[in-house]
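Here the structure comes first, spelled out in structure tokens, and everything after it is commentary.
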There are 2 protein chains.
Amino acid sequence: MASPPVSVGRPATIHDIAALCGVAPSTVSRALSTPDRVNVRTRERIQAAAVELNYTPNSQAKALSSGRTAAVGVLVPDITNPFYFDLIRGTQLQLKAAGYTQLLVDTEESDEVEASTLEQLRKSSDGVIVAASRLNDESLAAAAARMPMVTVNRDVDGVPAVIIDTPSAMTQALDHLISLGHISVAYIAGPVVSQSSARRWAALTQVAEDRGVQVRNLGPFAPKKQSGAAAADAAVHSGVTACIVFNDLIAIGMLQRLRERGIRVPEDMSIVGCDDIFGADFCNPPLTTLSSPIEQAGRVAVSMLLAQLNPLGGGGVRSRSVMPTHLTVRGSTTSAPGN
Amino acid sequence: MASPPVSVGRPATIHDIAALCGVAPSTVSRALSTPDRVNVRTRERIQAAAVELNYTPNSQAKALSSGRTAAVGVLVPDITNPFYFDLIRGTQLQLKAAGYTQLLVDTEESDEVEASTLEQLRKSSDGVIVAASRLNDESLAAAAARMPMVTVNRDVDGVPAVIIDTPSAMTQALDHLISLGHISVAYIAGPVVSQSSARRWAALTQVAEDRGVQVRNLGPFAPKKQSGAAAADAAVHSGVTACIVFNDLIAIGMLQRLRERGIRVPEDMSIVGCDDIFGADFCNPPLTTLSSPIEQAGRVAVSMLLAQLNPLGGGGVRSRSVMPTHLTVRGSTTSAPGN
DNA sequence: AACTCGCTGACAACCGGTTGCCATTCGATG
DNA sequence: CATCGAATGGCAACCGGTTGTCAGCGAGTT
């Protein structure tokens, strides 16, 4: 088996190919990017030479001259939050399949980092996917007006979005708790700038009113495992028998804290998380949580963005996509004490 | 508070600045990148104009003309493996601090994807950090000869490397088990192409011989949680009372499987993991594991790479860096049955 | 045979910067 | 006052592609 020619020295350019074939560089360019524009014989000669020289186009140059970078920025607030792992993998796979490069940036939960990153990405990418933006509505809408964008878990007018959300699932979660006899429930809130958290709280109050149970709002808490300690303490102090928690990270932190304090989960306190992240199935006890197809959300976000970039398809661009979620009952919920 | 000028329409270029200031574009370029080369008055005029026009350089153009992309590729075999989260965060933070962009690629545990990614990155980045390469030694060395590279957890002659390794820690792990009375121990091996796994096994056999205990090699297993089931079954079947596991992912999978099979950890079987990933502290039981400063490893890898890129500093480039690791004892290890 | 038209390839401008080289200016020095 | 060199700014080539335009050529039409 003949190994492919190993490129040695400087990578080949279209000029090298042109020289080798005795044609102009522009002909080489056309032979490779718009083959119909070139005679079959010439084209084949050029393609053979390209293979022989192990030619691969210089993406910088391509970007500069064509204006398209074949790169897409993906912004997440915290790269170490397992929630984003699956999202990132989803975007990565889908982008790669479409021939795009993923530029992953951790915005460190900061709106300023997010804004400056967006500004920079405006020139170095064809579009961006922004997960859980910490920007305010105006800034986000303004940014979206200047470059193709799809948000994840953030709904702003005029900006295409993938919502992995749980208003409907919140009903399932609360009904699950109610069916177990809980009548005093706390919502452990996420960051104030998180629209997901606000949306979940809104859904929850709505359902609670319908069902005639009490739900109180505790927090806000940072979406980190460490925050679970304060959240657990607040929950215990509030006297509720069950918590619905903004995300699994905090929920897992609560589990640990409650164990330290000798409060049994689920016997003394039931916990429902959100997202079903890595770890939710093997923590102790395994977490009852609202599962969402996160990786799929990443894929959908990419599809929506690519549809914006290449509006060839007939139909208009889908501007909002809601991912279905469902309750996964594990070991962190049971009957209310005394039931 | 005056908001910064919002860039509207096409982003400003040095030509716009040049026109505004009545100078040549080259002067603008110098004023911004080699300020000493330009008269103070002119420079300040240009800088003011740059701010006013909200100028940010086009990185593509910069890359094309200067040959440096200010981007660094980071290759990991599996982006959803929590081990890499911290590594990625480490590289991301350090790269951003140095003004570089991180190009993250998931090579899907495939040597082919890895090779083609490296070839592509050769032109679109200034250097690469390759974690847990699945490439053979020759290919890796060849790739490293063609572009600046630092490997993580992979030691190949002539390629600068950060080794988060555990030969010394393996001693601690085995001695820990021996002190608990275990005399029959299994090593649950990772992928055959993983040098880390081979290195750990080598260290283990060495120590085992010194101490006069039996250690057997089981596997190989894919570095995924699901592999834990097979690994657990193999361990049980082999009759050992303790396992040292290639990584925490497999170890956690084993925990789940053993629980399903009614085998108690640690009473019936002790488990020691490697890496202390997210989840190792809250699984059930919490995992005794070899902890490593993974995020720091990422930072060090970046530092070593940047030292290669800008060899200004006096001293030679450090070509190998070993991160210290230590045993973290949690709940998955205890005395051997019958002791 | 003259004319038109499509196919094909070359030329050159351009994307937005960087950089080598040269001309001018100016102050300092002999 | 002539000379020299440093400081400064401009010109133009270049990085590696893309793309608009045009000329040459051959085939088809009348």
Side-chain angles (χ1 to χ4, degrees), chain A residues 7 9-47 49-50 53-71 99 101 119-120 122-126, chain B residues 7 9-47 49-50 53-71 99 101 119-120 122-126:
Chain A
S7 61
R10 183 180 45 77
T13 72
I14 55 169
H15 295 86
D16 299 329
I17 299 178
L20 186 60
C21 296
V23 299
S26 54
T27 303
V28 177
S29 172
R30 290 202 167 89
L32 299 174
S33 51
T34 43
D36 290 346
R37 184 66 177 65
V38 168
N39 184 285
V40 191
R41 295 179 50 76
T42 320
R43 184 204 313 163
E44 285 175 351
R45 224 163 17 114
I46 291 176
Q47 287 170 340
L53 294 179
N54 194 20
Y55 168 78
T56 49
N58 179 314
S59 53
Q60 323 286 340
K62 214 161 188 161
L64 186 55
S65 57
S66 68
R68 305 186 317 108
T69 62
T101 299
E119 183 58 29
Q120 193 200 320
R122 187 180 165 202
K123 284 193 297 294
S124 54
S125 74
D126 293 346
Chain B
S7 62
R10 183 180 44 76
T13 72
I14 56 169
H15 296 87
D16 300 329
I17 300 178
L20 186 61
C21 295
V23 298
S26 55
T27 304
V28 177
S29 173
R30 291 198 171 90
L32 298 174
S33 51
T34 44
D36 290 346
R37 186 66 177 64
V38 168
N39 185 287
V40 191
R41 296 178 47 77
T42 320
R43 183 203 314 164
E44 285 174 352
R45 220 162 22 111
I46 290 175
Q47 288 170 340
L53 294 180
N54 194 22
Y55 169 79
T56 49
N58 180 314
S59 53
Q60 324 285 342
K62 215 162 188 161
L64 187 55
S65 57
S66 68
R68 304 185 317 108
T69 62
T101 299
E119 183 58 27
Q120 193 199 322
R122 187 180 165 201
K123 285 193 297 294
S124 55
S125 75
D126 293 347

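Everything quoted here is computed from the prediction, not taken from an experiment. Chain letters run A, B, ... following the sequence lines, proteins first, then strands; residues in each count from 1.
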Without decimals, in angstroms, what is the distance between B/I17 CD1 and D/dG9 P? 15 Å
Report all interatomic pairs (protein N or O, nucleotide N or O of nucleotides 24-27 of chain D) with separations under 3.5 Å.
none

Return the nearest nucleotide to the side chain of B/R37; candidates are D/dC22, D/dT18, D/dT8. D/dT8
Distance-only donor-acceptor pairs under 3.5 Å for side chains of residues 15-31 of chain A, two or more places apart:
from: A/D16; atom 1: OD2; to: A/R10; atom 2: NH1; distance (Å): 3.4
from: A/D16; atom 1: OD2; to: A/T13; atom 2: N; distance (Å): 2.9

Strand-adjacent residues in residues 56-69 of chain B, judged by heavy atoms under 4.0 Å from DNA chain D: B/L64, B/S65
What's the angle between the local helix axes at either end of the helix from C/dA1-D/dT30 to C/dG30-D/dC1, using five pairs per end and rounding to 10 degrees? 50°
Using every non-hydrogen atom in the two residues, find where A/R43 and A/V38 come nearest and quote the distance to one decimal. NH2-O, 3.6 Å
CG/A/N39 to CZ/A/R45 distance, rounded to the nearest 0.5 angstrom? 9.0 Å
What one should report as the nearest heavy-atom pair of B/S124 and A/Q60 is CA-NE2, 3.3 Å
Name every residue in residues 40-47 of chain A that has at least one heavy atom under 4.0 Å from any atom of DNA chain C, in order of residue number, or write none if there are no such residues. A/T42
Who pairs with A/D126 by side-chain hydrogen bond (donor to acceptor under 3.5 Å, both in side chains), at least two apart in sequence or on another chain? A/T69
Contacts of type side-chain hydrogen bond (donor to acceptor under 3.5 Å, both in side chains), residue B/T56, not counting sequence neighbours: A/K123
Approximate separation, where rounding is to 0.5 Å, of B/I46 CD1 and B/I14 CD1: 10.0 Å
Rounded to the nearest 0.5 Å, how far apart are CG of B/L64 and OG of B/S59? 11.5 Å
Residue closer to the 5' end of DNA chain D, A/T34 versus B/R30 (nearest nucleotide): B/R30
Which is the 5'-most and which the 3'-most nucleotide of DNA chain C that has an atom under 4.0 Å from a heavy atom of chain A? C/dT8 to C/dG16
Pull out every residue in residues 19-29 of chain B that has a heavy atom closer than 4.0 Å to any atom of DNA chain D, ordered by number, or say none. B/G22, B/V23, B/A24, B/S26, B/T27
